[in-house]
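We name chains A, B, ... by the order of the sequence lines, and we start the count at 1 in each one.
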Protein chains: 2
Amino acid sequence: MPLMPAKPEYPHDHAQCSSDALAEAQRICARRGVRLTETRQKVLELIWGDHAAVKAYDLLEQLSGPGRAVRPPTIYRALDFLLENGLIHRIESLNAYVGCPQPGGQHSSQFLICDACSIVIELTGTDVVHAVADEAASHGFEITRQTIEVHGLCGPCAARHAEEAPVP
Amino acid sequence: MPLMPAKPEYPHDHAQCSSDALAEAQRICARRGVRLTETRQKVLELIWGDHAAVKAYDLLEQLSGPGRAVRPPTIYRALDFLLENGLIHRIESLNAYVGCPQPGGQHSSQFLICDACSIVIELTGTDVVHAVADEAASHGFEITRQTIEVHGLCGPCAARHAEEAPVP
DNA sequence: TTTTGTAATGTTATATTATCACACTTACGT
DNA sequence: ACGTAAGTGTGATAATATAACATTACAAAA
Ligand SMILES: [Zn+2]
Ligand SMILES: [Zn+2]
Ligand SMILES: [Zn+2]
Ligand SMILES: [Zn+2]
């Protein structure tokens, strides 16, 4: 049976979660002297719609309206801005974008990605980063950027699957 | 100064390296009862042209000739076959494909990618994998697939850069 | 306040990466 | 030889992303 698509299950006050992220983004932009313009803020809000990664062209549709046809460069510029300022991450294995829950801080870029409900969980532990750094060092390699994307089933989805296909 | 593009520096007998990979691919396909057809083998050879990741449309050009216009599905089918049988890997952060030096064996999918010379080094260590597994387990996450792509400068390129921009 | 330079956005077109659908051919067991 | 499944050819199109250039909005300087 293929994975059943579902909405990310992540019991929390997401309205709060989202508005915190927006407020933090405003603080960070103010501190850095960069402008969180209306388009940029709108894109960030849409990305924070839930904890799944969002595709650029979905943002395009959502941002376009009856009287307003938004074009790709608008979206990609906003995404570039948000990426440069550490407010979002790009998930390479999905060609999609997700909000960063710790903007301004460390950006180790490690993600757990549920292929059933699409939730993206950003990890903050240092063990993986250290292991990678050690491996790289042993090859004389100087790291500038890491992409660690782990696909599978999140806790709730794994449980649901075990339930639907029990091993007797 | 931006990165100076260069050819991967990796002193070894690549003709041997490449032909070993091809021979191993043939063994694996025979053992698995799948067919390494001419197109598939040609694509694999092109991918093994060096140790950089190759783009699908570059393969398309290389495979096309005066009298032969190869279309995208041809390439993507061959790539799909090679991916399914563990003979190549896809580098998500580059939208490109690279030969697997240990086909048939473990596929932890950890890569060091030099942004100067484009060489892709596949890691085989287990420390990173274990660290990732631990992190995932602590979130109740069931892993199906990992993407670990580390960008930076390989040893030779890092040395060259240090030389060109010395710190006095 | 007006000027003026830069950042941001709008607009058109195009590049890059990938898949679909359907016809046709080839390989292979019977 | 025949039937079937796998593989390939072909044309169209989807999905993702950028280039190039015109226009507008903003804010600091004059
Ligand atoms: Zn939330
Ligand atoms: Zn899930
Ligand atoms: Zn080699
Ligand atoms: Zn290099």
Side-chain angles (χ1 to χ4, degrees), chain A residues 2 25-26 28-30 32-44 46-47 52-85 87-98 118 147 149, chain B residues 2 25-26 29-30 32-47 52-85 87-98 118 147 149:
Chain A
Q26 283 168 343
I28 287 172
C29 289
R32 300 178 65 145
V34 296
R35 292 171 50 209
L36 188 59
T37 61
E38 188 172 344
T39 302
R40 292 165 175 175
Q41 171 146 352
K42 197 76 199 300
V43 167
L44 186 55
L46 289 172
I47 288 176
V54 186
K55 303 234 151 205
Y57 276 71
D58 288 345
L59 292 169
L60 204 59
E61 273 189 28
Q62 294 182 259
L63 216 57
S64 294
R68 182 178 157 79
V70 172
R71 312 300 178 85
T74 301
I75 295 294
Y76 284 104
R77 284 166 179 156
L79 291 172
D80 285 347
F81 172 88
L82 297 170
L83 285 167
E84 277 167 15
N85 290 282
L87 302 173
I88 63 172
H89 295 288
R90 177 179 160 82
I91 306 297
E92 301 287 352
S93 55
L94 295 176
N95 293 339
Y97 306 82
V98 71
S118 303
T147 300
E149 299 175 4
Chain B
Q26 283 168 346
C29 289
R32 300 179 63 144
V34 295
R35 293 171 51 209
L36 188 58
T37 61
E38 187 170 346
T39 302
R40 292 164 175 177
Q41 171 147 352
K42 197 75 199 302
V43 168
L44 186 55
E45 281 173 25
L46 290 172
I47 288 177
V54 186
K55 303 233 150 204
Y57 276 71
D58 289 344
L59 293 169
L60 204 59
E61 274 188 29
Q62 294 182 258
L63 216 56
S64 295
R68 181 177 157 82
V70 172
R71 311 302 179 83
T74 301
I75 295 294
Y76 284 103
R77 284 166 180 159
L79 291 172
D80 285 347
F81 172 87
L82 297 170
L83 286 167
E84 277 167 16
N85 290 281
L87 302 173
I88 62 172
H89 295 288
R90 176 181 158 82
I91 306 297
E92 302 287 352
S93 54
L94 295 176
N95 293 339
Y97 306 83
V98 71
S118 303
T147 301
E149 299 176 4

Interface residues of residues 36-44 of chain B with DNA chain D (non-hydrogen, below 4.0 angstrom):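 Of all residues in residues 36-44 of chain B, the ones placing a heavy atom under 4.0 Å from DNA chain D are T37(B), T39(B), R40(B).
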
Atom pairs under 3.5 Å, N or O on each side, protein against nucleotides 21-29 of chain C: can you list them with distances?
| unit_1 | atom_1 | unit_2 | atom_2 | d |
| --- | --- | --- | --- | --- |
| dA21(C) | N6 | R77(B) | NH2 | 3.3 |

End-to-end axis angle, where each axis spans five pairs of the helix from dT1(C)-dA30(D) to dT30(C)-dA1(D), to 10°: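 The angle separating the two end axes equals 20°.
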
Taking all atoms of both residues into account, what is the closest heavy-atom pair of [X] and [Y], and its distance?
| X | Y | value |
| --- | --- | --- |
| A52(A) | V98(A) | O-CG2, 4.1 Å |
| A96(B) | A53(B) | CB-CB, 3.5 Å |
| F81(B) | R35(B) | CZ-O, 3.4 Å |
| L82(A) | L36(A) | CD2-CD1, 4.3 Å |

First of P72(B) and A78(A) reached from the 5' end of DNA chain C, by closest nucleotide: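 Closest to the 5' end, via its nearest nucleotide, is A78(A).
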
T39(B) vs K42(B) side-chain heavy atoms within contact, under 4.5 Å: no

Pairwise side-chain contact, I75(B) with D58(B), heavy-atom cut-off 4.5 Å (strictly under): no

By side-chain hydrogen bond (donor to acceptor under 3.5 Å, both in side chains) - contacts of S93(A) (at least two apart): E149(A), H151(A)

Partner residues of T147(B) under the side-chain hydrogen bond (donor to acceptor under 3.5 Å, both in side chains) criterion, sequence neighbours left out: none

Worked verdict on C29(A) versus L87(A) for side-chain contact (heavy atoms from CB on, under 4.5 Å): CA-CA 10 Å; C29(A) 289; L87(A) 302 173; 4.0 Å; yes

Taking side-chain contact (heavy atoms from CB on, under 4.5 Å) as the test, write out the residues that go with [X], two or more places apart.
| X | result |
| --- | --- |
| R32(B) | I28(B), V34(B), N85(B) |
| Y76(A) | A56(A), Y57(A), P72(A), L79(A), Y97(A) |
| L46(B) | L59(B), Q62(B), L63(B) |
| R77(A) | P73(A) |

Whether T74(A) side chain and V70(A) backbone form a donor-acceptor pair below 3.5 Å: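 No.
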
Boundaries of the DNA chain D segment in contact with chain A, non-hydrogen, under 4.0 Å: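 Here the contact window of chain A covers dT16(D) to dC26(D).
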
Whichever of V34(B) and R71(B) has its nearest DNA chain D nucleotide further upstream toward 5': V34(B)

Protein-nucleotides 14-17 of chain C N/O pairs closer than 3.5 Å?
| unit_1 | atom_1 | unit_2 | atom_2 | d |
| --- | --- | --- | --- | --- |
| dT17(C) | OP1 | K55(B) | NZ | 2.5 |

Residues which pass salt bridge (charged side-chain N to carboxylate O under 4.0 Å, His left out) with R90(A), listed by chain and number, not counting sequence neighbours: E92(A)

